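Everything on this sheet refers to the single structure shown next.
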Amino acid sequence: MEIIAHRGASGEFPEHTLLAYAMAVEQGADGVECDVRLTADGHLVCIHDRTVDRTTDGTGAVRRLTLDRLRRFDAGAPGHPQPVLEFEELLDFALDHPRLGLFVETKPDPGRGTALERALADRLRARGLARDPRLRLMSFAPASVAALGRLLPGLDRIQLVDRPAGTRSGLRRALARPTHLGVNLRGARRDPVRTRRVPDLRYSWLARGDADVEFAAAAGVRWLATDFPDRARAVLRRGAPGTRGRSSR
Ligand code: G3P
Ligand code: CA
């Protein structure tokens, strides 16, 4: 099972900053996760929320801010400034670490069609990454996963769902036609029997404690996201129950 640092090593460092990603690598992460949004002027930035209010010293919706304006905000911790991370910079970082996986989650804005997916496809093609096996795309939005399938058919696409089964999850999967499924670990743990039956389950988030890591390994998860990659790595190193002798799917 591979450990994926969720927004970088974001349990200890400011999320979606180069510092958090560098520390994730230091802590032994096999891959990193990021969320991407589109600025008002069509640039891709790594920001989770709809607005910059929680994670920077600025305010406003990302979709209404230009890249130039976002560059003036601080996304770091008090006394340790960090710029808002542009997706291009994260690509540079990932390319500098050839064994690192990159999991890119789209956060599309309603009303902007497939502008985000087209911008992403554009950037990945320009960097020669349209068929790179280290890169995986994902979203909660089935329309986004489906659009990525049309634009970038050579890449893995993960549909995120909160529960391993049920009408909502089934509908999302049917609309998105993903290559794999990603299931919220909370929903998976509530329904372990059906979780083990999901044939294309590969990704899960968010491991918080040792028992989460052990559960995910036993359920056959291949990529496990966590804010604390060092803790998850320690569980795997110890060969805790459920992780012993398990290979990736
Ligand atoms: O890795 C998937 C997970 O990040 C989805 O939830 O809200 O943290 O983007 P969220
Ligand atoms: Ca995410």
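Numbering of ligands and ligand atoms starts at 1, following listing order. Computed from a predicted structure; not experimentally measured.
- Near His6, meaning under 4.0 Å from any of its heavy atoms, are these atoms of ligand 1: 1 (O), 3 (C), 4 (O), 8 (O).
- For the pair Arg208 and Asp227, the salt-bridge criterion is not met [side-chain N within less than 4.0 Å of a carboxylate O].
- Of all atoms in ligand 1, listed by their number and element, those nearer than 4.0 Å to a heavy atom of Met138 are 1 (O).
- Between Thr114 and Ala147, the shortest heavy-atom contact is CG2-CB, 3.8 Å.
- Close contacts of ligand 1 with Lys107, meaning ligand atoms under 4.0 Å from a residue heavy atom, involve 7 (O), 9 (O), 10 (P).
- When His48, Glu105, Glu15 are checked for heavy-atom proximity to atom 5 (C) of ligand 1, Glu105 turns out nearest.
- When heavy-atom distances to ligand 1 are checked against a 4.0 Å cut-off, Asp35 comes that close only through its side chain, counted from C-beta outward.
- Nearest approach of Leu19 to Gln82, heavy atoms of both residues: N-OE1, 3.5 Å.
- When you scan the N, O or S atoms of Asp35 for the one nearest the Ca ion (ligand 2), you land on OD1.
- Looking at Glu105, its N, O or S atom nearest to the Ca ion (ligand 2) turns out to be OE1.
- Within Glu33, the N/O/S atom positioned nearest the Ca ion (ligand 2) carries the name OE2.
- Under the rule for a ring pair (Phe, Tyr, Trp, His ring centres under 6.0 Å), the partners of Trp223 that lie at least two apart in sequence or sit in another chain are Phe103, His180.
- Evaluation of the salt bridge (Lys or Arg N to Asp or Glu O under 4.0 Å) test over residues 85-95, restricted to residues two or more places apart or in two chains, returns Arg71-Glu86, Glu88-Arg123, Glu88-Arg127, Asp92-Arg127.
- For the pair Glu33 (side chain) and Arg7 (backbone), a donor-acceptor distance under 3.5 Å is present.
- Screening Arg202, Arg136, Arg134, Arg222 for a salt bridge (charged side-chain N to carboxylate O under 4.0 Å, His left out) with Asp156, the sole residue that qualifies is Arg136.
- When Tyr203, Phe103, Phe140 are ranked by how near their heavy atoms come to atom 1 (O) of ligand 1, first place goes to Tyr203.
- Here the heavy atom of the protein found nearest to atom 8 (O) of ligand 1 is Arg7 NH2, 2.8 Å.
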